Peer 1: 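Supplied in structure tokens, the structure appears directly below.
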Amino acid sequence: MLEDLLRKGLLTVLEKYGVFEEDVQIELEKPRDRSHGDLSTNLALMLGKRLGRKPRELAGEIAADVSFPRDVIESVEIAGPGFINFRIARQHQIDLLLDVWNPEGALQDIRTAGHKRINVEFISANPTGPLNVVSARAGAFGMTMVRLLEAVGYDAHAEYYVNDAGRQVTLLGQSLRAHYLQLLGEEVVFPEEGYKGQYLEIMAAELLHQDEAAIRAASAAFNDESFQRVAAPPGCANDWRRLPDDESARCFSKYALMKILGWQRETCRRFGLRFDTWYFESELHETKRLDRALERLRKQDAVYEEDGAVWFKSSTHDDEKDRVLVRADGRPTYFLADIAYHYHKFQRGFEHAIDYWGPDHHGYIQRMQGAMAALDIEPGWLEVQILQHVNFLEGGQPIKMSKRAGSFVTMDALIDEVGADVTKYIFLTRKPNSHLDFDLDLAKDQTEKNPVLKVKYAHARICSLLNEAASRGVIVGEPSPAMLAHLEHEAEWALVGELIRLPRIIVSAAWAREPHRLTGYADDIAALYNEFYTKCRRILDQPEERRQSQLQLSLVTRRVIKVLLDLIGIDAPEKMEKRD
RNA sequence: GCGCCCGUAGCUCAGUUGGAUAGAGCAGCGGAUUUCUAAUCCGCAGGCCGCAGGUUCGAGUCCUGCCGGGCGUGCCA
């Protein structure tokens, strides 16, 4: 690695000052300003005080003393208050560029995680209605994180937790049943806090008019293994309604669950999300994992009984207060189920787990971490990422969203109107924990002005250029040092300087859990390519060597853009419709 | 009240973990096309980085206190 070479060279010089490897962390970064060279260190600024020297003088001495092979580091300069700037020799930049191009090169070298198994759980929306736009942000982040983790060598596993047990699901069944009976003209008391969304009315109408056909259709969506447990209840709706209330509601609930999970899964598919596991809460109950988790906590002396309920001593783990695991009436809380779920996740052999949660769950983190600690799971095993709230604006006004009241923008509508690619890209240009205003009108009406198109266009443009070359009989060779040595223009070298950062960008985005670095970088690459393309126009009319070098540079650029768009999960088009 | 997140251009947001003259897109203004798609490029304008202190060679970034916005603070999920 280039950085290692620089560090080693600098350390050799620093020994004369009595500074050794363990004394100092040498930072190297790419300066914002191109005129400041390719890499820069603030070493002299950091050491100035410790050595009682003026930073600028110290930098001058170090710069004069340090030595590198000329074909790697072309120049060493001091600037500003005491920065030492390095300029990478063009020969070496070409080597780095080829390292990015070579499939066995840099993109293999960054796969350092050793196939460790890592679980990424995201969306995990309640199965009580269609996915809404909030899940779109989680989907974009979760899926890209999975791919990023794979890119750095993890064996990453995408998981969706389905809360198909508990009160919400019961309420769902009762709500559907009430809608159904209402359609029959019966007097019904709609459950308090029930679900009033229009989708339940439609679902009820389907049951009324198609009944068994509707049930068969919904069941057919679940013929694969992971959804085996989502099965249609016996009989038809007309039978269900005559059963005793509880049992009747359970039948309607099962049907609704089946139907809604079908929607959710289809929405995810449309959005390009692939889950390795859909984990059902009901399985936890059936396999007695709640009892087992509770038993384990008991053995650790982490629970006690009071007022008829079973409490977890989360206050000993920095939580504000203790939390109930089993209610006085004997029903377990969601918290206990969640503990059992994560305990099982741990037992399934994942070395690390990342959960994407909404901002309304942040108060939940402490008790969850407390439970993990009480179960002797190493600290840091569970990593919770909070995705901040998204404000959707329509006509300049925020849209209030309430699932129970049934008013929200569905993820499907977003995909229909804005498109999956644009939506993902927009979400991934923002940091996970920043609040975000998403103007639907703007996204819908002005999609051609969205930055994602600039990146797609750059890719299409390169394809188009290469096609044109082929049709003129120009053969584009594999990128090679001999040809790339003919790069001349400043814009070409600026592009090279950016392209060779790809491995570092991927690594930093993966480790910092900040996929938005990918979109920012993709935008930079596209801008630099377009700049090069405009300033060095009519590439194919250039002399053969110049032409070859530029075409080869284009090839590498196309691959870099493709790698980025694949990570983000959006299409890299070979051509785009000409606008007007 | 307490806890968490956020305050950066008119708008939406970046800012390489403390670096050099704070950036991009959109909106505004002015230029560039006999093309290999102008869905592009070039230029101009736009800023007390919420406010006030502190830490140090150096702060949009770190610490404290305010101000403003969002969320949480259930034997709900």
Side-chain angles (χ1 to χ4, degrees), chain A residues 27 29-33 35-36 40-42 44-46 48-49 54-56 79-83 85 126 128 163 166-169 171 193 281 306-311 320-321 323-329 331-335 337-338 358-366 386 388-389 391 393 426 429-431 433-439 442 446-454 456-458 460-462 464-469 471-472 491 501 504-505 508 512 514 516-517 519-521 523-524 526-527 529-535 537-541 575-580:
Chain A
E27 288 167 25
E29 59 186 21
K30 183 183 165 80
R32 289 197 181 100
D33 190 333
S35 69
H36 291 142
S40 176
T41 182
N42 59 357
L45 290 161
M46 292 200 307
K49 182 158 195 191
K54 286 184 181 163
R56 175 128 186 150
F83 290 98
N85 297 332
N126 278 336
T128 51
N163 296 116
R167 184 165 166 271
Q168 299 304 318
V169 176
L171 215 48
E193 297 185 276
E281 185 190 352
E306 194 175 288
D307 299 332
V310 181
W311 298 74
E320 296 164 9
K321 49 179 278 198
R323 309 288 175 174
V324 171
L325 295 170
V326 184
R327 300 177 179 92
D329 63 9
R331 287 151 53 230
T333 58
Y334 174 89
F335 180 40
D338 227 3
D360 50 332
H361 283 71
H362 94 259
Y364 204 74
I365 297 175
Q366 209 49 254
I386 294 292
Q388 282 299 331
H389 190 251
N391 235 342
L393 306 175
I426 289 178
T429 52
R430 274 58 166 155
K431 272 191 299 198
N433 64 353
S434 70
H435 303 244
L436 158 65
D437 283 350
F438 194 114
D439 189 327
L442 201 76
Q446 309 192 6
T447 48
E448 76 280 358
K449 286 171 181 168
N450 197 285
V452 65
L453 294 172
K454 177 160 131 189
K456 287 191 173 207
Y457 177 64
R461 184 175 233 182
I462 294 171
S464 163
L465 168 65
L466 293 168
N467 283 338
E468 177 67 18
S471 74
R472 292 194 197 182
R501 297 180 65 214
R504 289 200 147 270
I505 296 291
S508 79
E514 290 190 352
H516 75 282
R517 296 185 190 190
T519 50
Y521 177 66
D523 191 70
D524 288 344
Y529 186 81
N530 285 327
E531 184 185 335
F532 148 70
Y533 186 89
T534 306
K535 288 180 177 169
R537 55 177 31 225
R538 293 210 187 79
I539 289 167
L540 297 176
D541 296 338
K575 70 167 88 169
M576 290 173 75
E577 294 304 316
K578 199 169 181 174
R579 190 185 60 165
D580 292 337

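Atoms considered below: every heavy atom in the structure, side chains included; atoms not considered: hydrogens, waters and symmetry mates. The model shown is predicted, which means the values in this text are computed figures rather than measured ones.
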Peer 1: Decide if atom CZ of A/Arg56 counts as having more than 12 heavy atoms of other residues, nucleotides or ligands within a radius under 6.0 Å.
Peer 2: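 Buried by this count: over 12 neighbours within 6.0 Å.
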Peer 1: Any side-chain N or O of A/Lys431 less than 4.0 Å from the OP1 or OP2 oxygen of B/G15?
Peer 2: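 Checking A/Lys431 against B/G15: at least one side-chain N or O falls below 4.0 Å of OP1 or OP2.
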Peer 1: Would you say a side-chain N or O of A/Arg327 is under 4.0 Å from OP1 or OP2 of B/A77?
Peer 2: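 A/Arg327 to B/A77 OP1/OP2: side-chain N or O found under 4.0 Å.
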Peer 1: Taking C-beta and beyond as the side chain, do A/Asn42 and A/Glu29 meet within less than 4.5 Å on heavy atoms?
Peer 2: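 Not touching, per the 4.5 Å side-chain cut-off.
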Peer 1: Let's test this: given Watson-Crick or G-U wobble pairing with both distances under 3.5 Å, identify the partner of B/U34.
Peer 2: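 For B/U34, the partner nucleotide comes out as none, under the 3.5 Å rule.
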Peer 1: Does OP1 or OP2 of B/A39 have a side-chain N or O of A/Lys454 closer than 4.0 Å?
Peer 2: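 Checking A/Lys454 against B/A39: no side-chain N or O falls below 4.0 Å of OP1 or OP2.
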Peer 1: Are any of the side-chain heavy atoms of A/Ile365 and A/Ile386 separated by less than 4.5 Å?
Peer 2: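 They are in side-chain contact.
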Peer 1: Contact class for A/Ser40 (heavy atom, under 4.0 Å): base, sugar-phosphate, or nothing?
Peer 2: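 Touches a base.
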Peer 1: Answer yes or no: side-chain N or O of A/Arg32 and base N or O of B/U16 forming a donor-acceptor pair under 3.5 Å.
Peer 2: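 Side chain to base: pair present.
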Peer 1: Taking the P atom in each of B/U33 and B/A45, what is the distance between them to the nearest angstrom?
Peer 2: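 The same atom, P, in both gives a distance of 24 Å.
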Peer 1: Can a donor-acceptor pair under 3.5 Å be found between the side-chain atoms of A/His361 and the base atoms of B/G72?
Peer 2: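 Check fails, no donor-acceptor contact within cut-off.
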Peer 1: Answer yes when A/Asp329 and A/Arg327 have at least one side-chain N-carboxylate O distance shorter than 4.0 Å, and no when they do not.
Peer 2: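 Answer for the salt bridge query: no.
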Peer 1: Sort out the partner of B/U17 for me: Watson-Crick or G-U wobble, both distances under 3.5 Å, none otherwise.
Peer 2: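 When the pairing criteria are applied, nothing turns out to pair with B/U17, so the answer is none.
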Peer 1: Which label fits B/U61, syn or anti, where anti is any glycosidic angle not within 90° of 0?
Peer 2: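 Anti for B/U61; the angle lies over 90° from 0.
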Peer 1: Can you identify which nucleotide, out of B/C57, B/C13, B/C75, has its nearest atom closest to the A/Leu45 side chain?
Peer 2: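 Among B/C57, B/C13, B/C75, the one nearest the side chain of A/Leu45 is B/C57.
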